[in-house]
Amino acid sequence: MKEFRDIELKWQKKWEKDKIFEAKDKGKKCYILEMFPYPSGFGLHLGHTFNYSIGDACARFKRAKGFNVFYPMGYDAFGLPAENAAIKEKIHPKKYTEQSIKNFIFQQKRLGLSYDWNRLIKTCDPSYYKWNQWLFLKFLEKNLAYRAKAPVNWCDNCGTVLANEQVEDGECWRCHNKVSVKQLEQWFLRITKYADELLKDVNKLNWDERIKIMQRNWIGRSEGVEIDFKLKNSDEKLKVFTTRPDTLWGVTFVVMAPENPKVAELVKGTKYEKELKYFIDKVVIEEKYERAAEEKEKEGLFTGRYAVNPVNGDVVPIYIANFVLLEYGTGAVMAVPAHDQRDFEFARKYKIPIKVVIKPKEYELDGEKMMRAYVDPGIVVNSDKLFNGMNNLEAIKEIIKYLEKNKTGKRAVHYKLRDWLISRQRYWGTPIPIVYCDKCGIVPADIPVLLPEDAEFSGKGNPLAKNEKFVHVKCPECDGNAKRETDTMDTFFDSSWYFLRYCDNKNEKKIFDARKIEKWMPVDQYIGGAEHAVLHLLYARFFVKAMRDMGMLKIDEPFTSLFNQGMINKNGARMSKSKGNIVDPMETIEKYGADTLRTYLLFMGDPGKTREWDDEGIEGVYRFLKKIYSFRNKTKSKSNIRDKIFESKLNKNIKEITSDIEEFKFNLAISKLMQLVNFIYNNKENISLGVFENSFRKILVVLSCFAPHISEELYEGGYVSLSKWPEVEEDKIDKNLEKEEEQIEKLIEDINHVAKLVKKEIKKCFVYVLPKEEKIYEDNIEDISRRTGFEMKIFSVADKEKYDPEGKSKKTKAGKPALYLE
RNA sequence: GCGGGGGUGCCGAAGUGGUCUAACGGGCUGGCUUGAGGUGCCAGUGGCUUAGUGCCUUCGCAGGUUCGAAUCCUGCCUCCCGCACCA
C-alpha cells in the first residue's frame, strides 16, 4: 500500500530531524542492545529484522514506561567474508564493508528502528580498532595475553587458525570445512584464569537456561585429585587426575595420552620403542575430533613399564591409548575398568583384570562376568579397611583427605575451557600490535598499527605477510631492524567490548570514560541468537572481568538479561539460498510496509522458539493495521451504551499486554490488541467519541511498540514515540459487564443458529428474558438487531403469558433467554 | 547415553483443573460488495441432530487421580536443541 510507505518515510524523516531517540540525561537508565551485525553484502536478512523488531519493541516500551533508554547500533565490520569477496570479486574489503554498512544503515532506517544513531561504531575504523590494540597491550602487560607454541585448530579453507569455540564437531564454524591440528606459535588470551569466576557468575545471570547450561558445559569444571603413581624401577612419578578417588583400589592399569612427551622418555631404549612410535604417529595423525568421538574404538598399546599404586602398592601396567587426551588433566589417567565404561572396554579388549571396589547395596558384582562398568553410587569394598563399607560419595572426601595427609595426592580442579587463541592469518582484522626484534624479542608496537590499504588479495596466504613496507620496522626499543607481527586478531576480540565503546564512542583520548560506563552499563537487556552461546557471550564476559581487574570499570558482568530469539523457518526448513526459501525483508516491506513486517514477525508465535513463516499469514496483520488505519475517519457515535464494556476490556487488555511485553510474549500482546481493535470496529457506533478518542490514544501508544509509523500517523498531539505508557484503571475493569457481554454474544449466536435451522423467512425475533436482565438486553437491542438482521423485541418472562400465550417461544439455554422467531 | 524444550482443530499459534470445540491469525465454504479480479463486509467451518443448543467425538498414545483433565500423575511413542570417551 503506497499510503503506508509514504507514512513510514514521512515519520522516519521526522524522527531523524527531531533527534527524538537520542539518549537523555534524565530518568532511570535502561540499556537495550541487540548483537551488532556483521555487515554482509547481502543486506539485512529476516533474522536481523526479527532481532531488531524485538529490540525496538523493548526500547519503545521502556521509553514509554519512563526510562532513559540507551539503544545504540554499530557494525562488526572486520571479518572473512569481506576479504573473501576481495579475492573473488576484486573489490577491496574496506570498500566492500563501507558499502555494506551504508546499505545496512539504509535498511535499518527503513525499518523505523529507534536507535540513537549518534552512538554508531564500526570496528574496522581505526578510531575503534586502535583501542583493540591498546587493550591487547594491556592484556600483555597483565600477562593475560601470551604467545605460545601449541597444537591449534587449522581451517585450510579459511586459511587461518581457529579458537576452540569456533570448531563445531570438528568443523570450522564458518565454512564447515574439516579442521586439522597444527603445531604453531600463536597469541592466546588467558581466559582460563577466569574459568572459575565465569562459571560461578553464570548463576547470577537472568539468561535463558539453555545458554547458561551451554556455558557451564563449555567451561567444564571438574573437581578431583591429582595422585602420584611411582614408576617401577625409577624415582620418577607419574601424575594422574581423577574425580573418582573412591575407586583408587580398583586401578588395574594406567593410561597415558600417546603424544604425552613423557611417553617417549619412558620407553627410550626399550624393545617397545619402535612399535610405540609407530602407534603414536598413527594416533596423532588422526583428526583430533574424530579421535575424541565416543563411538571410536578404543585402541592402545602396552609401554613395557609399570606404575605403583600409592595406596596399596599394586604394580600395574602402563598403556598408551587413543582415548586419553593430552590437553585435559595431566594427560594420564588411572584406569578402573570395573567402574568406568571406557576403561572397561579397554580392559576387556586387552585382557586386563577387572577389580570391583564399589558394589550396589542389593547384589554382588563379579569382575569376570560384568557386562559393563558399574558407575552408580554404592558401597566401598576391597579397599583399605579405613574406607570399606562406606558410601562411595562419602569415601571420595575421606580418601582425598587421606591422600593429602600422606602427601601422595592433592586436591585439583581442571577445566575443559582452553585459552582463547586470537591470532588469525588474515588481512581484514585488527593488526596484532607486536614487533619481533632480534635483540629485544617480543616488543609492543607503537599504536595504532594501521592496516595498510595496499594489499594483494590472491587468496594465498596473508596479504600482510607479503607487504614488505608493513613487515619491516624499526624496533620501538632499540631502533634496530625488526619485523612486525602480521597476524590479525580474531574478530571476536572486537565484539568483546563494543557495548562499552557505545557509551563513549567519540572519545579520542581514552578507550572510554569510566564515568560514562558507570552511567550506562551493564546492558539491561541484550537480544540475539543462541549461536553465540559459547563464543561472543563467553568472551565478552571474560573481557569485562579482565577489564574490571585492570581497574577500567566496576561491573562483573556485561549483560544482565539476555533474550534469545528463535529461528524462522519456511516450509518446515531453515531458510537458505540453496533451498530457495528465503524471505527478503526489503521485498516484504515494499509490499506491506515495515509496520506490517515487524508486527507479523512478533505475532507469528513465541519469539523464543522456532517459528514458521507463512506468506499468507502476514496478510492478517496487514488487514489488522489497515483496520486501525481506517479509524482515522471517525464514525459518528450514535450511542454510548458500549462505553463501559469497552473501557473494561481496554483496561483489562492493557494490563495483560503490559506483562506480556515484559515477558517477551509479543504474540499475545498483539492478539489482545487485535481483540480491542475488533471490538471497536464492531461497536463503533455505540462508543461515545470521548471514550473512543481517549482509549484510542492509549491503544496507539501500545501499538507503537510494534507498528510505530502508523501509530505516529494516527496519534494526535505530539509524538506517540515519546508518549507515556497508559495507566491501567483497575476500577474500570468490570467482570460482570464482561459476563453480560458474553451473554449477548451467546444470544446472537443462538438466534443465528436457530434462524439457520428454520428454513423459512424470518423477520422478527421476540426474546423473553429474566426481569433483572431485561435492561442488559434492552440496552443492546440495536446492536443485536444489527448483527442478526432481525427486528428485535425484548420481553420480561414475567409478561410472557401476556405476549406469548401459546408458548411458542423456547428456551435457548437453561436459565437463558427464550426466543421466538416469526 | 545425559540435560533442556515440544507434540492442541485444515495450518500457524494461545490455553496448564470447571467458564473449552478451545483466544488471535491464516486457509477453506457460502452470501453481499464489485463490470470482473483484488480489496472490503457478513456467516459458517469435528460428527449427528434439533425450534433447538441435545448427544457423541476431539488437545501425540495408553492407563490413572478427580464430581470434573488439553491442563495433575505413571508408562510409552515421537520431534527439536544442547552436551557427550573430560578421567
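We use all heavy atoms of the structure for the numbers below, so side chains are in, but hydrogens, waters and symmetry mates are not.
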Trainee: Between A/Met334 and A/Arg210, just flag the one whose closest nucleotide in RNA chain B comes earlier from the 5' side.
Mentor: A/Arg210

Trainee: Under the salt bridge (charged side-chain N to carboxylate O under 4.0 Å, His left out) definition, can you give me all pairs with a residue in residues 614-624 of chain A, not counting sequence neighbours?
Mentor: A/Lys570-A/Asp615

Trainee: Please state how far atom CZ in A/Phe323 lies from atom C1' in B/A87, giving the value in whole angstrom units.
Mentor: 9 Å

Trainee: Out of B/A23, B/G82, B/A87, which has the shortest distance to the side chain of A/Ser671?
Mentor: B/A23

Trainee: Hunt down the Watson-Crick or G-U wobble partner of B/G82, both distances under 3.5 Å, from any strand shown, or write none.
Mentor: B/C2

Trainee: Between B/G52 and B/U57, how far apart are the P atoms? Round to whole Å, please.
Mentor: 24 Å

Trainee: Rounded to the Å, how far apart are A/Lys672 NZ and B/C24 P?
Mentor: 12 Å

Trainee: Which whole-number value in Å describes the distance from A/Arg372 CZ to B/G1 P?
Mentor: 10 Å

Trainee: Take atom C1' in B/G54 and the same atom in B/G63, then report the distance between them in whole Å.
Mentor: 30 Å

Trainee: Please give the distance between the C1' atoms of B/U65 and B/C81 as a whole number of Å.
Mentor: 33 Å

Trainee: Any strand counts, and the cut-off is 3.5 Å on both contacts for Watson-Crick or G-U wobble. Which nucleotide pairs with B/A43?
Mentor: B/U29

Trainee: Would you mind reading off the distance between A/Tyr592 atom OH and B/G38 atom P, rounded to a whole angstrom?
Mentor: 15 Å

Trainee: Find the distance A/Met256:CE to B/A87:P and express it as a whole number of Å.
Mentor: 19 Å

Trainee: Expressed as a whole number of Å, how far does the C1' atom of B/C61 sit from that of B/C79?
Mentor: 15 Å

Trainee: Cationic tip of A/Arg598 within the cone over A/Phe603's six-membered ring, i.e. under 6.0 Å and within 45° of the normal?
Mentor: no

Trainee: Taking atom C1' in both B/G12 and B/G6, what distance in whole Å separates the two?
Mentor: 15 Å

Trainee: Not counting sequence neighbours, which residues clear side chain to side chain contact (heavy atoms under 4.5 Å, CB included) with A/Thr610? List them please.
Mentor: A/Met567, A/Asn569

Trainee: For the ring pair A/Trp613 and A/Tyr600, is the centre-to-centre distance below 6.0 Å?
Mentor: yes

Trainee: Contact class for A/Asn667 vs. all strands (heavy atom < 4.0 Å): base, sugar-phosphate, or nothing?
Mentor: sugar-phosphate

Trainee: Where do N or O atoms of nucleotides 25-27 of chain B meet protein N or O atoms at under 3.5 Å, pair by pair?
Mentor:
from  : atom 1 : to       : atom 2 : distance (Å)
B/G25 : OP1    : A/Asn678 : ND2    : 3.0
B/G26 : OP1    : A/Arg623 : NH1    : 2.5

Trainee: Rounded to the Å, how far apart are A/Asp208 CG and B/G3 C1'?
Mentor: 14 Å

Trainee: Compare the minimum distances between each of B/A23, B/G82, B/C86 and the side chain of A/Leu325, then state the nucleotide with the smallest one.
Mentor: B/C86

Trainee: Applying a 3.5 Å limit to both distances, which nucleotide forms a Watson-Crick or G-U wobble pair with B/C72?
Mentor: B/G64

Trainee: Is A/Asn682 reaching over with its side chain to a backbone N or O of A/Asn678, donor-acceptor style, under 3.5 angstrom?
Mentor: yes

Trainee: Can you tabulate the close N/O pairs, meaning under 3.5 Å, that link protein atoms to atoms of nucleotides 15-20 of chain B?
Mentor:
none

Trainee: Under the side-chain hydrogen bond (donor to acceptor under 3.5 Å, both in side chains) test, which residues partner A/Lys655, sequence neighbours left out?
Mentor: A/Glu730

Trainee: Less than 3.5 Å apart, any donor N or O on the side chain of A/Glu223 or A/His414 sitting next to an acceptor on the other?
Mentor: no

Trainee: Between A/Gly605 and A/Arg221, which has a closest nucleotide on RNA chain B that is more 5'?
Mentor: A/Gly605

Trainee: Could you work out which one of B/C83, B/G3, B/C24 sits closest to the side chain of A/Lys416?
Mentor: B/C83

Trainee: Verify whether one side chain among A/Asp314 and A/Asn309 offers a donor that lies under 3.5 Å from an acceptor in the other.
Mentor: no

Trainee: Name every donor-acceptor pair, under 3.5 Å, that has one atom in a side chain of residues 528-538 of chain A and the other anywhere in the protein, sequence neighbours excluded.
Mentor:
from     : atom 1 : to       : atom 2 : distance (Å)
A/His536 : ND1    : A/Ser495 : O      : 3.3
A/His536 : NE2    : A/Tyr526 : OH     : 2.7

Trainee: Verify the ring-centre separation between A/Phe4 and A/Tyr629: is it less than 6.0 angstrom?
Mentor: yes

Trainee: Of all the nucleotides listed (B/C41, B/C24, B/G4), which has the minimum atom distance to the side chain of A/Tyr681?
Mentor: B/C41

Trainee: For nucleotides B/U58 and B/C10, find the distance between their C1' atoms and express it as a whole number of Å.
Mentor: 15 Å

Trainee: Determine: side-chain N/O of A/Thr330 to OP1/OP2 of B/A87, distance under 4.0 Å, yes or no.
Mentor: no

Trainee: Taking the six-membered ring where the residue is Trp, are the ring centres of A/Phe323 and A/Phe346 under 6.0 Å apart?
Mentor: yes

Trainee: Looking at A/Asp343 and A/Val336, would you say the former's side chain and the latter's main chain have a donor-acceptor pair under 3.5 Å?
Mentor: yes

Trainee: Please state the C1' separation for the pair B/G38 and B/C32 - nearest whole angstrom.
Mentor: 16 Å

Trainee: Could you please name the option among B/G6, B/C83, B/C24 that lies closest to any side-chain atom of A/Asn217?
Mentor: B/C83

Trainee: How far does the P atom of B/U45 sit from the matching atom of B/G7, given to the nearest Å?
Mentor: 26 Å

Trainee: Quick one: A/Met214 CE to B/C83 C1', roughly how many Å, whole number?
Mentor: 9 Å

Trainee: Can you tell me the distance, in whole Å, between the CD atom of A/Gln341 and the P atom of B/C2?
Mentor: 13 Å

